Participant: 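Could you have a look at this structure, given as structure tokens, before my questions?
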Amino acid sequence: MRLLLIHADFIEYEIKEKTAIAEEFNKKSERVEEVLIAFTSVEKNDNEEVAKKAANEIRDVAKKVGAERIMIYPYAHLSSNLADSETAINLLKIMEAELSDLEVHRAPFGWYKAFKLSCKGHPLSELSREISSEAELEVTKALKDEEKVVSYWYILTPQKELVEVEKFGFTNYENLRKFVNYEIAKRRAVDVVPPHVEYMKKLEIADYEEASDSGHLRYYPKGRLIKSLLERFVTQKCIDYGAMEVETPIMYDRNHPTLRRYLERFPARQYVLLGDKREFFLRFAACFGQFLMLNSATLTYKNLPLRIYELTRYSFRKEQRGELVGLRRLRAFTMPDMHTIVRDMEEAKKEFFEQYKLAVEVLKEIGLNPEDYEIAVRVTRDFYEQNRDFVHSLIDILKKPILIEMWNQRFFYFVLKFEFNFVDALEKASALSTVQIDVENAERYGITYVDADGSRKYPLILHCSASGAIERVMYALLEKCKFEFDKGKLPMLPVWLSPTQVRIIPVSERFLDKAVEICKEIENYDIRVDIDDRAETLSKKIRDAATEWVPYVVVVGEKEVESGKLTVTIRAESTLNKQTRLEMSVKELAERIKKECNGKPTAKLSIPKMLSKRPSMR
RNA sequence: GCCACGGUAGCUCAGCAGGGAGAGCGCUUGCUUGGUAAGCAAGCGGUCGCGGGUUCAAAUCCCGCCCGUGGCUCCA
């Protein structure tokens, strides 16, 4: 809020014309003598607290200059960041009420007014003030601190040399060059719709939902199926790694003493909602719930390392509008989030290394190989210098160059983190898997363990998302399909994620019974099969199976009935010009698919098996 | 949040120097019962994103808002 205060012999105004946002007012004009006039602009983010502070400020000045009357005069021209009219009127009224111990007048809001005033001209007769809330001041400070953080960029080469990024030759590392360019130069120049957005709609995976807020999608049956499989897979991998799965609330008290400081540091990215008496924010990660849970737990050194895991459906971040896109960046997303409590830095490093390997494995099994992403390590200079060999040893896991971002001071809660970044067709980078070593939150949340000598100590905490957000994994898989397509391959999802794994197409209605019979046989292997029983031509049905990216297409007719074998079109081995077809038995086909999906979760098809019964969802 | 561009049938889009709301696909019905990427015909289908304004007349021009995409910014 901005105030311009003028101590005047008198002010006199006359109402001229109404604007669209005018408040009701019946006086035509007003004149007040011996008055302190407060020209006021109510700005965005102003609240009751600000209005009260402003009132106090006005009272103080009035006392100093010896004015007994106040005129609050709405004046939009002091700011270019105005609040909406409703808020403005409301806060002006609050100011008026707060000053009711004095004689207070208020000029109407939203009218064109002519005014005359006579300024007294003494040294205190003209003052200006800027009022903001406590939280806002802290926020501003946090943002300024963040600006001060300077990044130093290096490449850690496969030979474990740390090279300044400008001196690294990116020959043979084209994708890394794109990633580094995105990270540092932040320059991209493309004007294409992201390929995955088109795919997500076409394949009936997900779509925008206009009735919700931006960044909240609807997931169609096929999308939910894919998402569910990924969720279950990552969850199982984390449990196998040794994590205990938990569930925590999605909203928390904004004024909870522990949470508050954190929010002030990373402001205005949360959804805020009103409970009966308290204000809540929607979680933007699982950290809150898990840390509060660990705060109550009794931990000893014998329990460590201790891992807890939650799949958050959802985490919420109110990202800026212009940043939202398809499945890449959302305001509601599903995050596998594992936290590991460790005794000391040695144990932290050991876990960090193991979880790095876990992330590589999880992505690989999902269908994203090391050549599909680029590695970034972000570290404080102190940590790097004290743990140089350890940081360099990360090269041994994937043997490809790593982008290193180094800070001279620690601003974030971690001293070391890595991310695997996917670079898409538009050369934009997005983080998938990440692990961080947190040196700050154990203390903040009061998480302690009893050590062997009986003393209470603060542990270190690792944050790990083994795959990154599930939606973002789907984005990366779809973008990868676009790359494959550009290379002349037919795009497809990994077989374990394909909603339909096998499609059976009877040559004519006469073979429908046979198709149903084969369908049941294959289903016994826990494979998702459907039947195109529509009254369409064979060619049409083949084409539709292809546009749905069905990995195995089986045509059933006279020939198959006689031979007892299936003719299977294999998408992974076909191109647009030449299809690969193999003769195989039901058992051979089923075993081939089971082998491809080994170790992955399975699910039944949730949409009608008969295509004639299946609705189009968009 | 800022700047640019876009929003017309279920989908993809044409129409937009103001005056009849269209095509292809899909869907329904009928014919066709087929051997590896779109068989034929007819029919159904629209608050032209939402609200306001200009005009005798607005999908078309103007203003505001919502949604999407790109860029900026951001990314705990």
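So you know, we letter chains A, B, ... as the sequences are listed, proteins then strands, and number each from 1. Treat the numbers as computed from the prediction; the structure is a model and nothing was measured.
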Participant: What distance, rounded to whole Å, do you find between the two P atoms, one in B/rU32 and one in B/rC13?
Facilitator: 37 Å
Participant: Measure from the ring center of A/F281 to the ring center of A/F288 and say whether it is less than 6.0 Å.
Facilitator: yes
Participant: Mind calculating the distance between CD (A/Q320) and P (B/rU69) to the nearest angstrom?
Facilitator: 15 Å
Participant: Between A/F316 and A/F284 (judged by ring centroids, cut-off 6.0 Å), do the two rings come close enough to count as a pair?
Facilitator: no
Participant: Under 4.0 Å from OP1 or OP2 of B/rU12: is there any side-chain N or O of A/R618 that close?
Facilitator: yes
Participant: Would you indicate what A/L324 reaches in the nucleic acid, counting non-hydrogen atoms under 4.0 angstrom: base, sugar-phosphate, or nothing?
Facilitator: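 If one applies the 4.0 Å heavy-atom cut-off, A/L324 turns out to touch the sugar-phosphate alone, with no base involved.
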Participant: Find the partner of B/rA38: check Watson-Crick (N1-N3 plus N6-O4 or O6-N4) and G-U wobble (N1-O2, O6-N3) distances, both under 3.5 Å, and reply none if neither fits.
Facilitator: none
Participant: Taking the six-membered ring for Trp, are the ring centroids of A/Y445 and A/H339 within less than 6.0 Å of each other?
Facilitator: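 Between A/H339 and A/Y445, which both carry aromatic rings, the centre distance is not below 6.0 Å.
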Participant: Side chain of A/K428 only, please: which of B/rG70, B/rA76, B/rC67 is the nearest?
Facilitator: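 Looking only at side-chain atoms, A/K428 lies closest to B/rG70.
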Participant: Without decimals, in angstroms, what is the distance between A/D544 CG and B/rU36 P?
Facilitator: 16 Å
Participant: Roughly how far apart, to the nearest Å, are B/rA17 and B/rG10 at atom C1'?
Facilitator: 33 Å
Participant: Using purine N1 to pyrimidine N3 plus N6-O4 or O6-N4 for Watson-Crick, or N1-O2 and O6-N3 for G-U wobble, each under 3.5 Å, what pairs with B/rG43?
Facilitator: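 B/rC27 - that is the nucleotide pairing with B/rG43, both distances being under 3.5 Å.
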Participant: Tell me what A/G322 touches on the nucleic acid: a base, only sugar-phosphate, or nothing, going by heavy atoms under 4.0 Å.
Facilitator: base
Participant: In whole angstrom, give me the gap between the P atoms of B/rU60 and B/rG53.
Facilitator: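 The same atom, P, in both gives a distance of 14 Å.
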Participant: Side chain of A/Y413, heavy atoms from C-beta onward: which of B/rG34, B/rA76, B/rU36 has the nearest atom to it?
Facilitator: B/rA76
Participant: Can a side-chain donor-acceptor contact be found between A/T380 and A/Q409 if the only test is distance below 3.5 angstrom?
Facilitator: no
Participant: For B/rU33 and A/S508 - does any side-chain N or O of the residue sit under 4.0 Å from the phosphate oxygens OP1/OP2?
Facilitator: no
Participant: Are A/H463 and A/F291, when compared by the centres of their aromatic rings, separated by less than 6.0 Å?
Facilitator: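 Centroid separation for A/H463 and A/F291: below 6.0 Å.
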Participant: Please report the distance separating the C1' of B/rC16 from the corresponding atom of B/rG6, rounded so that it comes out in whole Å.
Facilitator: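 About 14 Å, rounded to a whole number of Å.
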Participant: Paired with B/rG19 by Watson-Crick or G-U wobble geometry, both distances under 3.5 Å: which nucleotide is it?
Facilitator: B/rC56
Participant: Spell out yes or no: do the side chain of A/E560 and the base of B/rG35 have one donor N/O and one acceptor N/O closer than 3.5 Å?
Facilitator: yes
Participant: Rounded to the nearest angstrom, tell me the gap between atom CZ in A/R329 and atom P in B/rC72.
Facilitator: 14 Å
Participant: Kindly check if the number of other-residue, nucleotide or ligand heavy atoms within 6.0 Å of NZ (A/K489) is above 12?
Facilitator: no
Participant: Quick one: look up who B/rG64 pairs with, Watson-Crick or G-U, both distances under 3.5 Å, and put none if it's unpaired.
Facilitator: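 Base partner found: B/rC50.
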Participant: Within the 4.0 Å heavy-atom criterion, would you say A/S539 contacts the bases, only the backbone, or no part of the nucleic acid?
Facilitator: sugar-phosphate
Participant: Between A/T567 and A/H216, which has a closest nucleotide on RNA chain B that is more 5'?
Facilitator: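 Nearest nucleotide further toward 5': that of A/T567.
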Participant: Let me know the distance between CD of A/E536 and P of B/rU33, rounded to the nearest Å.
Facilitator: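 Rounded to the whole Å, the gap is 15 Å.
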Participant: Separation of A/R614 atom CZ from B/rC27 atom C1', in whole Å?
Facilitator: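 My rounded result for the distance is 17 Å.
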Participant: Taking only the side-chain heavy atoms of A/E323 (C-beta and beyond), determine which of B/rG35, B/rU73, B/rA37 contains the nearest atom.
Facilitator: B/rU73
Participant: So A/V325, base contact, sugar-phosphate only, or nothing? Heavy-atom distance under 4.0 Å.
Facilitator: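 Sugar-phosphate only.
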Participant: Roughly how many Å apart are B/rG22 and B/rC48, using the C1' atom of each and rounding to a whole number?
Facilitator: 12 Å
Participant: With a 3.5 Å cut-off and no angle check, do the side chains of A/T248 and A/E310 form a donor-acceptor pair?
Facilitator: yes
Participant: Assign A/K559 to base, sugar-phosphate, or nothing according to its heavy-atom contacts below 4.0 angstrom with the strands shown.
Facilitator: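 Base, at least one base heavy atom under 4.0 Å.
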Participant: Which value, in whole Å, describes the distance between the C1' atoms of nucleotides B/rA21 and B/rC62?
Facilitator: 23 Å
Participant: Return the value, rounded to whole Å, for the distance between atom CG of A/L490 and atom P of B/rA37.
Facilitator: 12 Å
Participant: Is any side-chain N or O of A/S616 closer than 4.0 Å to OP1 or OP2 of B/rC27?
Facilitator: no
Participant: Whom does B/rC2 pair with, Watson-Crick or G-U wobble, provided both distances fall under 3.5 Å?
Facilitator: B/rG71
Participant: Please confirm whether any donor atom in the side chain of A/Q579 sits under 3.5 Å from an acceptor in the base of B/rA37, or the reverse.
Facilitator: yes
Participant: For atom C1', what is the distance between B/rU54 and B/rG68, given to the nearest Å?
Facilitator: 29 Å
Participant: Determine whether the aromatic ring centres of residues A/Y356 and A/F420 are separated by less than 6.0 angstrom.
Facilitator: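 Ring centres of A/Y356 and A/F420 closer than 6.0 Å.
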Participant: Rounded to the Å, how far apart are A/E319 CD and B/rU73 C1'?
Facilitator: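 Rounding to the nearest Å, CD of A/E319 and C1' of B/rU73 are 12 Å apart.
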Participant: For B/rU55 versus B/rC61, give the span between their C1' atoms, rounded off to a whole number of Å.
Facilitator: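 Going atom to atom, C1' in each nucleotide, I get 10 Å.
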Participant: Measure CD/A/E210 against C1'/B/rG49 and give the value in whole Å, please.
Facilitator: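 A/E210 atom CD is separated from B/rG49 atom C1' by 7 Å.
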Participant: Taking the nucleotide of RNA chain B with the nearest heavy atom to each, does A/K417 or A/L538 sit closer to the 5' end?
Facilitator: A/L538
Participant: Quick check on B/rC74: is either OP1 or OP2 less than 4.0 Å from any side-chain nitrogen or oxygen of A/R317?
Facilitator: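 The answer is no; no side-chain N or O of A/R317 sits under 4.0 Å from OP1 or OP2.
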Participant: For a quick test of reading the model: is some side-chain N or O of A/R321 closer than 4.0 Å to OP1 or OP2 of B/rC66?
Facilitator: no
